[in-house]
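What you see is a predicted model; the values in this text were computed from it and never measured. Computed from heavy atoms alone, side chains included, the values below leave out hydrogens, waters and symmetry copies. One is the number of the first residue; the rest follow in order along the sequence. In each ligand, atom 1 is the first atom listed, and ligand 1 is the first ligand listed.
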Amino acid sequence: MLAGKHILLGVTGGIAAYKTPALVRLLKKQGAEVRVVMTPDALEFVAPLTLSVLSENPVFWTFTDQEAPDQGLWNNHVHLASWADLFLIAPATANTLAKMAGGACDNLLLAAYLSSDCPVYFAPAMDLDMHEHPATQSSFKRLEEFGNIMIPAEHGELASGLVGPGRMAEPENIVSFLQKDLRSKAPLAGKRYLITAGPTFERIDPVRYIGNFSSGKMGYAIANAAAGLGAEVILVSGPTPEHKLQSSIQKITTVTGSEMFTAVNTHYQNQDVVILCAAVADFKPKEVAEHKIKSKTQSLSIELSPTVDIAAHLGQEKTNQILVGFALETHDALDHAKSKLKKKNLDLIVLNSLEDQGVAFGAETNKITIIDRDENLHPYPLKSKAQVARDIIDFIIALQNA
Ligand code: C5P
């Protein structure tokens with residue numbers, strides 16, 4: 001949920017500021033871009049250089065340029081705020097929260113806050129009595145009424161030695177709070193997607209198999225795109241090389257077509273959308289040799305029998321799911337794809353043809369045509385697999401909203 005997001009981190013002057021380098025690292029690890037704005041008092045607790053090195057961006061705390069105070073250059077709080085997709089103020093002291101609630105603007109962080117139109121999260125950090133004081137409680141209430149989101153303080157040992165509420169939420173908990181909150185507001189929140197990806201391997205003997213060249217890249221890209229939009233995603237993957245996968249995705253690893261069938265079937269009834277991207281072998285050896293077949297054998301015939309057609313089975317069992325298949329063709333692409341759409345009772349089929357430039361096993365790009373139930377064609381230009389994944393999901397969302 002945080003990958004690619006622009007996060008403006010506001011650091012105020014409380015002891016919990018010493019945890020902000022860890023927070024910046026965690027946000028960066030999630031793929032976010034981070035910029036830091038500090039209050040002057042925060043400089044007493046954490047060095048801006050530390051935050052600058054970790055965020056890989058300059059850190060600001062004054063209205064005028066810190067490097068050239070005599071030149072009258074200013075740090076543009078409006079630019080800082082408009083750059084942000086999300087403004088996170090952590091730690092947020094009682095003083096800063098009271099100023100935010102009252103509209104005060106006597107430092108750069110507060111000016112950025114007043115200029116921001118993105119979601120604002122604040123993680124209070126203060127001593128127990130300050131936290132419980134009606135003035136502070138009314139700041140919390142006021143800020144929530146403004147639409148700001150509080151990441152509640154945790155209960156525990158405080159800098160004063162007292163024990164109670166007031167500890168800034170731990171950096172890990174702040175990150176998971178953000179992820180959960182963003183997911184709950186995402187376009188695919190509450191939707192369940194199941195995606196198959198990669199090849200299947202059908203055993204010939206204990207060391208050999210029938211396989212294919214599928215890399216799994218397209219299926220993984222779809223899984224990541226769906227998860228990025230907030231869907232609950234299960235990815236059933238055949239044997240593929242390592243690909244990046246968002247941490248919220250439940251991955252089930254399978255080898256053979258029948259293992260993939262079992263995994264998909266187990267979860268099918270709960271799904272809203274099922275996208276079958278895997279290149280499932282159509283045939284498997286009728287018998288798997290118990291021992292390794294000797295290499296000295298002069299010639300060898302292997303009798304094959306059909307594998308289970310997962311897509312066709314799901315098409316028959318379909319209740320409310322949107323079922324999407326893929327067709328990778330080498331010739332007469334449209335006719336083959338249309339006939340699979342009907343035969344397997346799919347709602348959509350995504351056609352890619354090896355005759356097109358930029359379409360190949362393991363390629364970073366793909367060129368697709370989506371065919372709907374009425375056999376209307378929706379062609380797309382050559383794009384990265386991540387963009388193709390997004391196009392497919394946008395098409396499905398439009399279909400669901402139609
Ligand atoms: O292999 P074929 O071109 O028929 O694949 C069309 C669609 O059916 C693809 O979405 C593929 O994932 C699916 N399929 C399947 N089980 C098979 C064969 C294909 O789910 N045994």
Side-chain angles (χ1 to χ4, degrees), residues 193-203 209-223 226 233-240 252-269 271 273-286 304-318 321-356 359-361 366 368-373 375 378 385 388-389 391-393 395-396 399:
Y193 272 59
L194 186 148
I195 292 135
T196 68
T200 64
F201 289 176
E202 308 299 336
R203 293 182 180 89
Y209 60 83
I210 297 174
N212 60 65
F213 296 116
S214 171
S215 67
K217 278 183 189 165
M218 193 63 245
Y220 278 67
I222 296 173
V233 179
I234 298 177
L235 174 70
V236 180
S237 174
T240 66
I252 303 174
T253 309
T254 55
V255 177
T256 64
S258 84
E259 283 174 25
M260 188 172 271
F261 175 68
T262 307
V264 171
N265 238 348
T266 308
H267 298 280
Y268 184 47
Q269 289 310 329
Q271 302 305 314
V273 176
V274 176
I275 305 177
L276 300 164
C277 204
V280 185
D282 294 313
F283 294 97
K284 62 181 181 185
K286 208 164 181 180
L304 301 176
S305 62
T307 54
V308 55
D309 190 325
I310 305 172
H313 176 86
L314 300 185
Q316 274 174 8
E317 301 281 303
K318 192 159 62 169
Q321 303 87 345
I322 290 192
L323 191 58
V324 183
F326 266 71
L328 177 64
E329 305 295 342
T330 54
H331 62 285
D332 300 330
L334 272 179
D335 288 345
H336 284 134
K338 283 180 188 170
S339 120
K340 283 175 192 173
L341 178 78
K342 288 269 169 292
K343 243 176 41 202
K344 303 191 189 208
N345 192 24
L346 305 171
D347 296 290
L348 301 172
I349 195 153
V350 181
L351 165 67
N352 22 163
S353 168
L354 284 179
E355 289 170 308
D356 281 328
V359 180
F361 287 110
N366 201 0
I368 60 161
T369 299
I370 298 180
I371 309 174
D372 63 27
R373 280 185 86 89
E375 300 196 355
H378 308 268
K385 284 189 172 167
V388 171
D391 286 340
I392 294 169
I393 290 173
F395 197 96
I396 295 168
L399 189 70

Notebook entry, point to check: Can you tell me if Ser237 and Tyr220 form a side-chain donor-acceptor pair at under 3.5 Å?
Noted result: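 Yes.
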Side chains of Leu334 and Leu351: does their closest heavy-atom pair fall under 4.5 Å?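 Yes; the side chains approach each other to less than 4.5 Å.
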Quiz item: With no hydrogens and no angle check, is any side-chain donor or acceptor of Thr369 less than 3.5 Å from a backbone partner on His378?
Solution: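 No, Thr369 side chain to His378 backbone: no donor-acceptor pair under 3.5 Å.
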Test item: Asp282 side-chain N/O and Thr307 main-chain N/O as donor-acceptor pair under 3.5 Å:
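Side chain of Asp282 to backbone of Thr307: no pair is present.
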### Query
According to the interplanar angle, ranging from 0 to 90°, do the rings of His331 and His336 count as parallel (below 30°), tilted (30 to 60°) or perpendicular (above 60°)?
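Perpendicular.
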Got the residues with a heavy atom under 4.0 Å of ligand 1, by chain and number?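 The 4.0 Å shell around ligand 1 contains Leu276, Ala278, Val280, Asp282, Thr307, Val308, Asp309, Ile310, Ala311, Gly325, Phe326, Lys340, Lys344.
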- Item | Point-to-point distance, once rounded to the nearest 0.5 Å, from CD1 of Ile234 to OG1 of Thr266 |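 OG1 of Thr266 is found 9.0 Å from CD1 of Ile234.
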